[in-house]
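From a predicted model like this one, the values you see are computed outputs, not experimental measurements. Just so you know, these numbers use all the heavy atoms, side chains as well, and skip hydrogens, waters and symmetry mates. We're numbering straight along the sequence, starting at 1. One-based numbering, in listed order, for ligands and for the atoms of each.
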Amino acid sequence: MTEKEIYLALSGVTHPAKNDKSLEALGMIDRVSFEDGKARVRLAFDKHRDPLADYLIGACRAALVAAGAADAEVTAIVRNEAPAKKHAGLDLGLEELSGVRHIIGVASGKGGVGKSTVAVNLAIALAREGYCTGLADADVYGPSVPKMTGTEGMIPDAVQEGDREIILPIEKYGVKWMSIGYFASPEQALIWRGPMACNALKQMILQVRWGELDVLLIDMPPGTGDIHISLVHDIPMEGAVIVTTPQSVALADVEKGINMFRNDSVRKPIYGLVENMSWFTPAELPGNRYYIFGKEGGNAMASKYGIPLLGQIPIFQSICEGGDSGEPVALQDGRPDSAAFRSIALSVADIF
Ligand code: ADP
């Protein structure tokens, strides 16, 4: 098969969304070649995720085989990829944060200490105290806000303003929520690396119509890597609350977290430490406290670094179940589990 024959074979393939013009006329045939009985064609699309891309690739392959190619490989590229600047997210301004009075990060030295649980319950507790509250779930490696708030599967609306697309947060339980989890599956998010994760996170915060808020909490990814430094630099965060368990392994990582915020290039105040999973009280022995992860580790760390201990949250089955069912305990009244979060919310509100 010659190149000419390949073009001829493809001449009948037209783009239904572009006045049925042929791909050749639209300049979409980017490259053709023929080798060892195999026709290779590369199509060039103007935009990512052209809804007709799969259809057109299939139609080209069928046309080539019908024209006698023993095998046909049709691939696609995006021709006019947005300029690097746009991809780097550098054109995202801070306009959407102009109505937000306080931005506070919720961080942890390591994963699994209950950072997201604390962030979600804290957001609800603040909202129930009358503060206009938002929460941006920037935990790119394990966005858990959709599940914890029962908003899994929801897709936020967006509005187009000029050449900008603004995402509208999901509103539930009196809080405005935004999460990378509304856009990417956990598997997808997991493979994001460096700049890609950073850009997605910045969009998740800067491209969202937060409106007027007393406080926006940022559920930060666990750890202290480049993503954190970039987040802290690019988002006008006032300071952070750090969540830990009393366990020494968690505390060792908290020291790294504290040092990250106190680092010369960052210099953000740490408003306090929240000790989670402080003790366990079985329902049948309400007077007993079992210090499963050690006792008063958070207190010791707080005094070592001169940071207030904002509160201790015991291990409650209801906290875990509330996270799994999408109905966080902070929605309840007059119970020790929700009271723990309410008291921390009041301490956080004292900051602003
Ligand atoms: P992180 O955000 O630090 O990775 P998560 O908030 O996802 O941690 O919590 C990890 C697990 O621990 C979740 O299953 C959550 O429900 C559970 N959990 C967190 N805090 C408590 C608590 N105080 N009592 C019981 N379970 C908790």
Atom pair CD1/CG of I104 and L216 - distance to nearest 0.5 Å: 9.5 Å
Atom pair CG (N276) and CZ (F293), whose distance is rounded to the nearest 0.5 Å: 9.0 Å
Other residues, nucleotides, ligands: >12 heavy atoms within 6.0 Å of E212 CD: no
Closer than 4.0 angstrom, basic N to acidic O: yes or no for [X] and [Y]?
| X | Y | result |
| --- | --- | --- |
| D337 | R335 | yes |
| R164 | E95 | yes |
| E96 | R209 | yes |

One pair per line, please: each N/O atom of ligand 1 matched with every protein N/O atom under 3.5 Å away, atom names first, then the distance to 0.1 Å.
from	atom 1	to	atom 2	distance (Å)
ligand 1	2 (O)	K115	N	3.4
ligand 1	2 (O)	S116	N	2.9
ligand 1	2 (O)	S116	OG	3.0
ligand 1	3 (O)	G112	N	3.2
ligand 1	3 (O)	V113	N	3.1
ligand 1	3 (O)	G114	N	2.9
ligand 1	3 (O)	K115	N	2.8
ligand 1	4 (O)	G112	N	2.9
ligand 1	6 (O)	S116	N	3.3
ligand 1	6 (O)	T117	N	2.8
ligand 1	6 (O)	T117	OG1	2.5
ligand 1	8 (O)	G114	N	3.1
ligand 1	20 (N)	N276	ND2	2.9
ligand 1	23 (N)	N276	OD1	2.9
ligand 1	23 (N)	P314	O	2.9
ligand 1	24 (N)	F316	N	3.1
ligand 1	24 (N)	F316	O	3.3

